[in-house]
Amino acid sequence: MINGKKVLYSGMQATGNLTLGNYLGALKNWVTLNEEYECFYGVMDLHSLTVRQNPTEFRQRARALYILYVAAGLDPEKNCIYYQSHVSGHAELAWLLNCFTYMGELNRMTQFKDKSSKHADNINAGLYTYPVLMAADILLYQADVVPIGADQKQHLEITRDIAERFNSVYGDVFTVPEPFIGKKGARVMSLQDPAKKMSKSDENLNASIYLTDDRDTVIRKFKRAVTDSDSVVRYSEDKPGISNLMEIYSAASGKSYDEIEKEFDGKGYGDFKLAVGESVADILQPLQARVAELAKDKAYIDSMIKANDEKAQYFSTKTLRKVQKKLGLTERIR
Ligand code: TRP
């Protein structure tokens with residue numbers, strides 16, 4: 001608990017171009033959570049180093065992600081938005097937790113298996129212990145809840161296992177986090193293969209809408225989205241392409257599936273796809289304008305980074321010192 005509120009922790013990696021899936025599925029839904037929770041959102045730049053980064057681009061991307069959080073509506077005076085790499089406790093606690101994590105557990109992580117098959121030339125130890133760093137992120141702030149997508153569920157489970165294992169030896173040191181069950185964000189699938197999640201690393205550029213795409217690009221990509229051979233706009237398991245577009249349209253416009261089905265009753269897929277494209281372009285345009293405006297205000301962004309780095313440092317150090325003491329590491333002499 002901080003200021004009488006439960007703690008919520010989440011973050012995104014500063015790699016790749018964020019997509020509409022990241023926005024509708026996560027970011028957009030985080031905006032009001034600070035009313036109920038004390039919220040921490042990290043720019044997860046240490047995690048990004050598990051794959052090689054170009055230093056100049058990487059620094060720009062991390063800054064762009066910070067700005068995007070703010071542009072999306074997360075008020076940096078009410079949410080602690082900070083850089084993971086600026087708070088030394090993340091790497092320190094990750095080391096300590098490495099000593100409480102079994103190789104057998106890490107061997108079972110499906111994301112490690114996926115990523116190591118994709119980056120066969122660079123299967124580094126960071127990729128392997130990635131979930132332990134993530135556990136450190138969450139446990140450092142004594143988070144009660146963590147909003148995550150389905151692909152991160154296994155990582156939250158291992159976080160809980162590590163926390164429980166530690167607590168069973170040393171007493172109640174860590175809060176054991178729960179997955180955040182709130183208003184469900186949209187689950188946005190690839191526009192080219194609706195069986196796959198929309199991904200920032202998809203090789204087919206038509207598969208994903210990037211948050212930086214301009215109006216024409218957005219509309220063109222939706223025009224090319226795969227559908228099916230029928231021509232009825234209806235939400236159904238056997239119509240994954242149309243259902244995905246309906247989910248996106250519903251999240252972007254606020255309309256229900258019933259309303260959407262009525263709106264396009266008797267009309268073809270062409271009209272429907274255009275409407276989806278326009279509704280998405282309508283939400284991306286103001287977001288992009290806000291990003292551009294904030295990017296110019298260097299002093300404001302820098303001052304928020306500084307204040308929030310300090311706040312994160314303060315709360316994380318409290319936990320880290322407690323852990324070090326429990327483990328029997330020698331206390332600092334003051
Ligand atoms: N691994 C997460 C992802 O790629 C990002 C992340 C790192 C994270 N640490 C976290 C998410 C802690 C939630 C909590 O999506």
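Just so you know, ligand 1 is whichever comes first in the structure, and atom 1 is the first atom listed for that ligand. What you see is a predicted model; the values in this text were computed from it and never measured. Along the sequence shown, residues are numbered consecutively beginning with 1.
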Task: Parallel, tilted or perpendicular: ring planes of Y235 versus Y257, cut at 30 and 60 degrees - done: parallel
Open item on the list: Using a 4.0 Å cutoff against the non-hydrogen atoms of H47, which atoms of ligand 1 qualify?
Closed with: 7 (C), 9 (N)
Task: Which residue and heavy atom of the protein sit nearest atom 3 (C) of ligand 1, plus the separation - done: Q152 NE2, 3.4 Å
TODO: Give the residue and atom name of whichever protein heavy atom lies nearest to atom 4 (O) of ligand 1, and the separation in Å to one decimal.
DONE: Y130 OH, 3.2 Å
Open item on the list: Considering only residues two or more places apart or on different chains, which pairs with a residue in residues 120-141 satisfy ring-ring contact (aromatic ring centres under 6.0 Å, His included)?
Closed with: Y9-Y141, F40-Y141, H47-Y130, Y82-Y141, H90-Y141, F112-Y128, Y130-H155
Open item on the list: Any salt bridge linking R61 with D45? Criterion: basic side-chain nitrogen under 4.0 Å from a carboxylate oxygen.
Closed with: no
Open item on the list: Through direct or indirect side-chain contacts below 4.5 angstrom among Ile, Leu, Val, Met, Phe, Trp and Tyr, which residues connect to I219?
Closed with: L274
Task: Nearest neighbour in protein (non-hydrogen) for atom 9 (N) of ligand 1 - done: D137 OD2, 2.7 Å
Open item on the list: Heavy atoms only, cut-off 4.0 Å: how does I138 contact ligand 1, side chain, backbone, both, or neither?
Closed with: side chain
Task: Whether E331 side chain and K325 backbone form a donor-acceptor pair below 3.5 Å - done: no
Task: Atoms in ligand 1 flagged as close to G11, the criterion being non-hydrogen separation under 4.0 Å - done: 5 (C), 8 (C), 11 (C), 13 (C)
